[in-house]
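Computation of the quantities below employed the complete heavy-atom set of this structure, encompassing side-chain atoms and omitting hydrogens, waters and symmetry-equivalent molecules.
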There are 2 protein chains.
Amino acid sequence: MEIALLGGTGDIGKGLALRWALDTDHSIVIGSREPEKAAEQADRYATLLADRGRDPEITGVGNGEAAAGADVVVLSVPPEYARSTVEAVADRLEPGTTLVSPVVPMDRTAGGFQYDPPGTGSIAEAIAAATPEDVPVVGAFQNLAAGALSDLDNDLTADVVVTGDDAEAKDLVRELADEIEGIRALDGGPLAATAVVESLTPLLVNLAVNNDGMHDLGVRFQ
Amino acid sequence: MEIALLGGTGDIGKGLALRWALDTDHSIVIGSREPEKAAEQADRYATLLADRGRDPEITGVGNGEAAAGADVVVLSVPPEYARSTVEAVADRLEPGTTLVSPVVPMDRTAGGFQYDPPGTGSIAEAIAAATPEDVPVVGAFQNLAAGALSDLDNDLTADVVVTGDDAEAKDLVRELADEIEGIRALDGGPLAATAVVESLTPLLVNLAVNNDGMHDLGVRFQ
């Protein structure tokens, strides 16, 4: 399976790339608006994995090239670039490719971090509206702390809530999430139920800010 | 300490009453719009506790009488009655009493449960706006499943996020939450940060609906 991480040089993209490269044999493609930066980062990730005795397939290319041919494309970009990134790669996405949104729109206010969705729905639904119809969009990975993912010495214990309207695409993303050691994938319902998943992330940040000894928080439902 | 549970004949009120009566020596007052119903329920709760060798102080009275003289008043009523209940007891609340909102406004849609706050803020802030100024409002207990609380055979393991602007009131509610075995109270920040706490509850319900074997879900941040 080929997994492309658009914006894969950023925090959450790095974390997911490292974990999939550590725990699976999937081919990982790091995408960036700057192909050279993507290639450099891919080399760095490969070195980190080599230190752990792994020899993963990780390459770095432009976002468009990364999107083309991947089975799963993760939109690991900041919320303000989510829509423009999708639009920039839309004609490179092959029918049946699964697009994954880990994106969380947040606003920092005097009262702490707040959820700041576009209009009434989630950003995942806004992304779906900008995505070709034959490319299913799945929400996942919003509630993982990038720091906890990227630190490979850290044993993960976290739930990932997966939402989407295409059952096959959703199952695929659940499997990919479950393949990361310590992650448990859960079904959050249709894409229309993504807002309550995205809005958990500002709560995680607020808890880390307000409680001594808590940082890089994840969540476990029980 | 005297804890009044307005609407204490309902699910979440029952759960909190039973747990405090089981794990602490606080005096518990069940409030209801119908005083006789409150008294009957209080007797039932006392019987349940007696079966466990406990002899708690539990009485049942009208909501107004329950609110008068309590150190902490928990507004355990459905969201549609939150504001009217506060208004009905406002002149019975003594200065310095702490009012706790476990209330979560949710909407059931074709796309699952959604968070449905009044206007732009949380319902806790709307409740605070209807409460006398000398009565601090604290958000807490929104993410506990009533079923998990009420079943005293069930060992709880759940986090409670506490929000509020009055440090003393917030500390008091954190202590009361921590006194329930299996509950860990966390600081969620000011009252303005309550929306992201309330919105976690529809996610918990969606997860219970969509995943086999998951029910009465709570949350643990780690």
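- Among all heavy-atom pairs drawn from A/Leu203 and B/Val196, the shortest one is CD2-O, 3.6 Å.
- Heavy-atom distances place no part of A/Leu191 under 4.5 Å from chain B, backbone and side chain included.
- With a 4.5 angstrom heavy-atom cutoff, B/Leu207 touches chain A via backbone and side-chain atoms both.
- Of the atoms belonging to A/Leu186, heavy atoms from both backbone and side chain fall under 4.5 Å from chain B.
- Interface residue A/Val161: only side-chain heavy atoms are found under 4.5 Å from chain B.
- Under the rule for a side chain to side chain contact (heavy atoms under 4.5 Å, CB included), the partners of B/Ala140 that lie at least two apart in sequence or sit in another chain are B/Val100, B/Val160, B/Val162, B/Val173.
- Scanning both residues, B/Leu204 and A/Phe221, for their nearest heavy atoms gives CD2-CD2, 3.4 Å.
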Present all donor-acceptor pairs from chain B to chain A with distances below 3.5 Å, rounded to 0.1 Å.
unit_1: B/Gln114; atom_1: NE2; unit_2: A/Ala192; atom_2: O; d: 2.7
unit_1: B/Thr157; atom_1: O; unit_2: A/Gln222; atom_2: NE2; d: 3.3
unit_1: B/Asp187; atom_1: N; unit_2: A/Asn211; atom_2: OD1; d: 2.9
unit_1: B/Asp187; atom_1: O; unit_2: A/Asn211; atom_2: ND2; d: 2.7
unit_1: B/Ala192; atom_1: O; unit_2: A/Gln114; atom_2: NE2; d: 2.7
unit_1: B/Ser199; atom_1: OG; unit_2: A/Ser199; atom_2: OG; d: 3.1
unit_1: B/Asn211; atom_1: OD1; unit_2: A/Asp187; atom_2: N; d: 2.9
unit_1: B/Asn211; atom_1: ND2; unit_2: A/Asp187; atom_2: O; d: 2.7
unit_1: B/Gly218; atom_1: N; unit_2: A/Gln222; atom_2: O; d: 2.7
unit_1: B/Gly218; atom_1: O; unit_2: A/Gln222; atom_2: N; d: 3.0
unit_1: B/Arg220; atom_1: N; unit_2: A/Arg220; atom_2: O; d: 2.9
unit_1: B/Arg220; atom_1: O; unit_2: A/Arg220; atom_2: N; d: 2.9
unit_1: B/Gln222; atom_1: N; unit_2: A/Gly218; atom_2: O; d: 3.0
unit_1: B/Gln222; atom_1: O; unit_2: A/Gly218; atom_2: N; d: 2.7
unit_1: B/Gln222; atom_1: NE2; unit_2: A/Thr157; atom_2: O; d: 3.3

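- Contacts with chain B were tallied for A/Gly112, A/Ala193, A/Pro202; A/Ala193 has the most, counting heavy-atom pairs under 4.5 Å.
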